[in-house]
Student: 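Handing you a structure now.
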Amino acid sequence: MDKRYKHQEIEKNWYTFWEKKGYFRPEANKVKTPFAIILPPPNANADLHLGHAMYTVEDIMIRYHRMKGDATLWLPGADHAGFETQFVFEKKLQKEGKSRFDFDRETLYKMIWDFVHENRGNMENQLRRLGFSLDWSRQVFTLDPEIIKIVHRTFKKLHDDGLLYRDNRLVNYCTKDGTGFSDLEVLYVERTDPLYYMKYGPFTIATSRPETKFRDTALAVNPDDKRYKSSLGKTFEIMGLLGPVKMTVIPDPEVDPDFGTGIMKVTPAHDPHDFELGHKFNLSVTPIIDFAGRMDFSWFLSQKNIDPKYRARAEKYHGKKVKAARDLMVEDLKADGLLIKTDEKYTHRIGTCYKCGATIEPLPLPQWYIKIRPLADKAIASVKSKKIKFAPKRYEKIALQWLTNFRDWNISRQVVWGIRIPAWKCLDCRNDEWIVTDGNSPSSCPKCKGQNLEQDPDTFDTWFSSGQWPFATLEVNSKKDFGYFYPTSVMETGYDILPWWVCRMIMLGLYATGEIPFQTVCLHGLVRDAKGQKMSKSRGNVINPLSMADLYGADALRMALVFGTAFGNDVPMSEDKIRGMRNFSNKLWNIGRFVKMHRESYRNQKKYPENLSVEKSTNAEDKKILGELTKLTEVVTETVEEFRFDKGAEALYEFLWHSLADKYIEAVKDRLKNYDRQALAVLTHVFITSLKLLHPFMPFITEELNKQLSPENRVPLIVSPWPVVK
RNA sequence: GGACCCGUAGCUCAGCCGGUUAGAGCGUUCGGUUCACAUCCGAAAGGUCAGAGGUUCGAAUCCUCUCGGGUCCACCA
C-alpha cells in the first residue's frame with residue numbers, strides 16, 4: 001500500500017466491479033422489504049453541477065438499505081427538460097447566426113434530439129463517477145415511447161374525468177422565447193418605471209402602460225368612492241391619441257381609491273385583473289400587442305375614413321416593440337396636452353421570464369388547464385394524515401401552503417421540444433370541440449366524419465410529465481416493479497422544486513394510481529459558496545463537482561457535502577472543506593496500512609488471531625473502544641433513518657480519527673509489538689465494522705480498505721450485512 | 001401584506017423536545033522529521049450563544065418583543 005491514498009487509482013475500478021456484479025439490480029422478492037428511490041432525473045443535455053452531487057444522500061440511504069438486506073432500487077433517468085433544453089439549444093443556434101424560425105417543426109425537433117443525445121452520456125458517466133449505485137438496467141428517458149404513452153393516458157383520463165379544460169385566458173407569455181408559462185415560472189422583480197397621469201375625458205387616470213390604452217374597454221372605480229359615485233354606470237366620451245372613444249364607468253371593489261386618482265382604465269386583453277373584470281362585465285378582449293411583443297394597429301388601420309393625422313400616428317406605432325411605442329405615445333400625449341404629470345419614481349413588481357429575463361406579457365391565448373382543486377385537496381389530505389411525511393419537518397407546512405394556494409395549471413407550452421399534446425380539432429366542423437385521444441391520431445371526426453383534423457401544435461409543460469415520474473418509471477420497466485416498489489420509499493430532492501415537482505408528483509400520483517407516490521419527502525438545501533452566496537457563472541464562484549472528484553476523490557466530495565451542515569439547510573461549500581475530507585480519506589488509508597502491516601506480521605509469526613471473540617477482552621482500552629463502536633453503530637443507524645446524514649458523518653469522522661486513530665491505536669501499539677492476539681482481533685473488528693458504517697458515505701475507499709485487509713475471503717462491503725448492536 | 005429560515009470562536013456551521021467546564025471543520029499561535037499518516041502528531045489562544053423582557057431551581061435551548069441578514073409567495077393599475 002502506498003503511503004498516500006491515491007483516489008485516482010482506487011476509485012476508477014470499483015464502480016465497474018459493483019455494476020458488473022449486478023449489485024445495483026434488485027429483484028422483486030416477497031421475503032425482502034422493498035426500498036426504492038427514483039432519482040430526480042437530471043437534464044439529459046447538461047453536465048452535472050454541484051447541486052446534483054447532493055444526491056449523495058440518496059446513495060447513502062440506498063447503500064444503507066442494501067446492506068440491511070432490503071430489495072433496494074435506485075432508478076436513474078434523464079429529463080428532456082422541454083423549454084429549458086430548447087432555450088439552451090436556441091442559444092447555440094444564435095451563436096451560429098441562426099434562430100428557431102429558420103427551421104420547420106420536425107427539423108428543429110430532430111436537431112434538438114441529436115443535440116441531447118450527443119450530450120446525454122456525459123451526465124450518466126458523471127453520476128457513475130460520484131459512485132451513485134443506480135440501477136442502470138432500469139434507466140428511463142422522459143421521451144421514451146412508453147413514458148409518452150403514460151403521459152398521454154393521464155391527459156386523456158383528466159379529460160374524461162372533466163378535470164381538464166381549454167380556456168382562452170391571459171397567459172404569462174414570454175414574447176422573446178415564444179411560449180406561455182404557468183404561474184410558477186413567472187419571476188417577479190421590483191422595478192422603477194414612470195407612472196403617467198393622463199387626461200381621460202373628464203377624469204385623470206394613472207397608468208404605467210399607456211400603450212395599452214387603445215384597447216381600454218371601460219373605467220373602473222371603487223363603488224364606495226364618493227368622488228366618482230355620480231359617474232357610475234355613465235358613459236363618457238374620451239379624447240385619445242387616435243380620436244374620441246366612448247367608455248362606461250363600472251364598479252370594482254378591488255380598486256384602491258388611494259392609488260393614483262382612484263380611477264382605473266380597464267384593459268381586459270393585457271392585464272389579468274382587468275381580464276377577470278372584463279369577464280364579469282362582458283367587455284371585449286381585444287389585444288393590441290402580438291405574440292412577438294409588437295404593437296398591432298391593423299384593426300385601426302383597416303378602418304375606412306380615418307383622419308390622416310390619426311392614420312399617421314397608428315402607422316408610426318404599428319409594429320414597434322412595446323417600450324419603443326410607449327415612448328412615442330408619451331411624446332404624442334404631451335403634444336396633445338393629455339399628459340398631466342409623470343411620477344418617475346413609481347416602483348412596482350413586474351413579471352419577468354425566469355429564463356431570459358424579458359418582461360412577461362399577459363396575452364390572451366387558448367391553453368389546456370388542469371382543474372387543480374380536486375387534485376390538490378387529495379394531496380392535502382395525504383399530507384395532513386401523515387401518509388406522506390417530510391424531512392425536515394418544516395417543509396410539510398410549506399408544501400401545504402403551496403397545495404392550498406395552487407391555481408388551475410396551464411400545461412400547454414408553445415415549445416417544440418416536448419411531448420405533443422394528443423388533442424385534435426376538426427377543421428370541417430369549425431366548432432370548439434376537441435378530440436382528445438390516448439396518443440393515437442384519430443382517423444376522422446366523430447361528428448362529421450371529416451378527415452381534416454389538425455393536432456394542437458403545443459407540447460406539455462415538462463412538469464406535467466415529470467410529475468408522473470414515480471409511477472411511470474416503475475410501470476415501464478415491468479408490471480412487477482410497479483406492484484412491488486410503488487409507492488416508493490423516499491423522494492429526495494432540493495427544496496427549491498417543492499412546488500414545481502414534489503407537489504405535482506403527489507397530485508398526479510394520487511390521481512393516476514390512487515396511491516401516494518412516495519412515503520417520505522426528503523429535501524436537501526442548496527449548495528452555496530464558502531460565504532453562503534449562491535453559485536453562479538456571473539459571480540464566478542462555481543465549483544465543478546467532477547473536477548473536485550478528480551482532485552480530491554469522489555469520497556471526499558461526498559463527505560464534504562453532508563458534513564457540517566444540518567440536513568435540509570443550505571450547504572456552504574469550499575475547496576478547503578473538500579480538501580479536509582481528502583485528508584480524512586488519507587487518515588483512513590493510513591489506519592488501513594497500519595492494521596494491514598500488523599496483520600501480516602502476526603501471520604508471519606503464526607500469531608494470527610483466528611476467530612478470536614472480541615467480546616472476551618478484559619483490557620480496559622479494548623472495552624472502551626468497543627463501547628464507543630456500539631454507540632457509533634447506534635448513532636449512524638439512527639441518523640440515517642432520521643435523515644440526519646450530517647450527524648452520522650460527523651460521528652464517523654470523530655470516531656475514526658479521534659477515537660480509533662488518535663487514542664486507541666496509540667494505546668495499543670505496545671501490545672501489538674508483543675503480538676497480543678486480543679489486541680489485533682479488536683483492532684481489526686473495530687476498523688472493519690466502522691468501515692461498514694462509513695461505506696454508504698464513502699463507498700470507494702471503504703471498499704478498497706476492506707479488500708486490502710483480507711483479500712481472500714471477505715465479501716464486498718456493498719453487500720456486507722449492516723452492523724447491528726446485539 | 002403573508003409565510004419560512006438564520007443571527008453561537010477570525011470564517012463556515014453543529015448544538016436548540018431546558019440540566020455537568022458551549023462543540024466541529026477551516027484558520028491562527030507554540031512545540032514536534034525514528035518504525036500508519038507532515039494530506040501528520042501534541043498543546044494553546046479565541047465565544048456578553050444579536051439585544052431586551054418573561055417562564056423556570058436552572059435557558060444558546062421554551063414564550064414575547066426589538067434589531068439585523070436571507071428566501072419564497074401575493075392581480076394595487
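Chain letters run A, B, ... following the sequence lines, proteins first, then strands; residues in each count from 1. These values consider heavy atoms only, across backbone and side chains, with no hydrogens, waters or symmetry-generated copies.
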Student: Do A:Phe645 and A:Phe563 make the cut of ring centroids closer than 6.0 angstrom?
Tutor: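 Between A:Phe645 and A:Phe563, the centre distance exceeds or equals 6.0 Å.
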Student: Pick base, sugar-phosphate or nothing for A:Arg528, based on heavy-atom distances below 4.0 Å to the nucleic acid.
Tutor: nothing
Student: Regarding A:Arg593 and the six-membered ring of A:Tyr5, is the cationic atom NZ or CZ under 6.0 Å from the ring centre and inside 45° of its axis?
Tutor: no
Student: Tell me if the aromatic rings of A:Tyr346 and A:His348 count as close, with their centers under 6.0 Å from one another.
Tutor: yes
Student: Give me the atom names and distance for the closest heavy-atom approach of A:Pro696 to A:Pro699.
Tutor: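 Result for this residue pair: O-CD, 4.3 Å.
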Student: Return the value, rounded to whole Å, for the distance between atom CG of A:Asn569 and atom C1' of B:G7.
Tutor: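 Checked: the CG to C1' distance equals 13 Å.
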Student: Roughly how many Å is it from CG in A:Leu170 to P in B:A77, rounded to a whole number?
Tutor: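 That distance rounds to 15 Å.
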Student: Search all heavy atoms of A:Met247 against all heavy atoms of A:Val245 and return the closest pair with its distance.
Tutor: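 Nearest pair, atom of A:Met247 first, then A:Val245: CE-CG2, 3.8 Å.
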Student: Answer whether the closest heavy-atom distance between the side chains of A:Leu523 and A:Val521 falls below 4.5 Å.
Tutor: yes
Student: What's the gap between B:A60 and B:A9 when it is taken at their C1' atoms, as a whole Å value?
Tutor: 14 Å
Student: Under 3.5 Å between N/O atoms: give me all the protein pairs with nucleotides 72-76 of chain B, atom names plus distance.
Tutor:
unit_1, atom_1, unit_2, atom_2, d
B:A74, N6, A:Arg349, NE, 3.2
B:C75, OP1, A:Arg407, NH1, 3.4
B:C76, O2, A:Asp256, OD2, 3.2
B:C76, N3, A:Asp256, OD2, 3.2

Student: Can A:Glu361 and A:Thr175 be said to form a side-chain hydrogen bond (donor to acceptor under 3.5 Å, both in side chains), step by step?
Tutor: CA-CA 7 Å; A:Glu361 207 57 75; A:Thr175 54; 5.8 Å; no
Student: Looking at side-chain heavy atoms only, is the closest gap between A:Asp252 and A:His273 below 4.5 Å?
Tutor: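 They are in side-chain contact.
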Student: Reckon A:Ala566 touches a base, only the sugar-phosphate, or nothing at all at heavy-atom distances under 4.0 Å?
Tutor: sugar-phosphate
Student: Name the nucleic acid region contacted by A:Tyr552, choosing base, sugar-phosphate or nothing; use a 4.0 angstrom heavy-atom cut-off, strictly under.
Tutor: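 Nothing, no heavy atom under 4.0 Å.
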Student: Check for me whether the distance between the ring centres of A:Phe567 and A:Phe643 falls short of 6.0 Å.
Tutor: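 When the ring centroids of A:Phe567 and A:Phe643 are compared, they turn out to be at least 6.0 Å apart.
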Student: Do the numbers put A:Arg504 on top of the ring of A:Trp402, so that NZ or CZ is under 6.0 Å from the six-membered ring centre and no more than 45° off the axis?
Tutor: no
Student: To the nearest Å, how far apart are A:Met573 CE and B:G25 C1'?
Tutor: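 Spelled out: CE on A:Met573 to C1' on B:G25 is 11 Å.
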Student: Can you say whether the rings of A:Tyr653 and A:Phe584 are parallel (under 30°), tilted (30 to 60°) or perpendicular (over 60°)?
Tutor: tilted
Student: Between B:C63 and B:U21, how many Å separate the two P atoms, rounded to a whole number?
Tutor: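 Here B:C63 and B:U21 have their P atoms 24 Å from each other.
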Student: Find the distance A:Tyr495:OH to B:U71:P and express it as a whole number of Å.
Tutor: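 A:Tyr495 atom OH is separated from B:U71 atom P by 9 Å.
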Student: Could you run down nucleotides 29-42 of chain B 5' to 3' and tag each one B, S or - for protein heavy-atom contact under 4.0 Å?
Tutor: -------BBSBSSS
Student: Going by purine N1 to pyrimidine N3 plus the second Watson-Crick contact, or the G-U wobble pair, all under 3.5 Å, which nucleotide sits opposite B:A24?
Tutor: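 The answer is B:U12, by the H-bond criterion.
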Student: Say you pick atom C1' in B:A22 and the same atom in B:G32; how far apart are they, in whole Å?
Tutor: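 Roughly 30 Å separates the two C1' atoms.
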Student: Among residues 389-401 of chain A, which contact RNA chain B at a heavy-atom distance under 4.0 Å?
Tutor: A:Arg394, A:Lys397, A:Ile398, A:Gln401
Student: Atom CG of A:Asp576 to atom C1' of B:G10: distance rounded to whole Å?
Tutor: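 Result: 14 Å.
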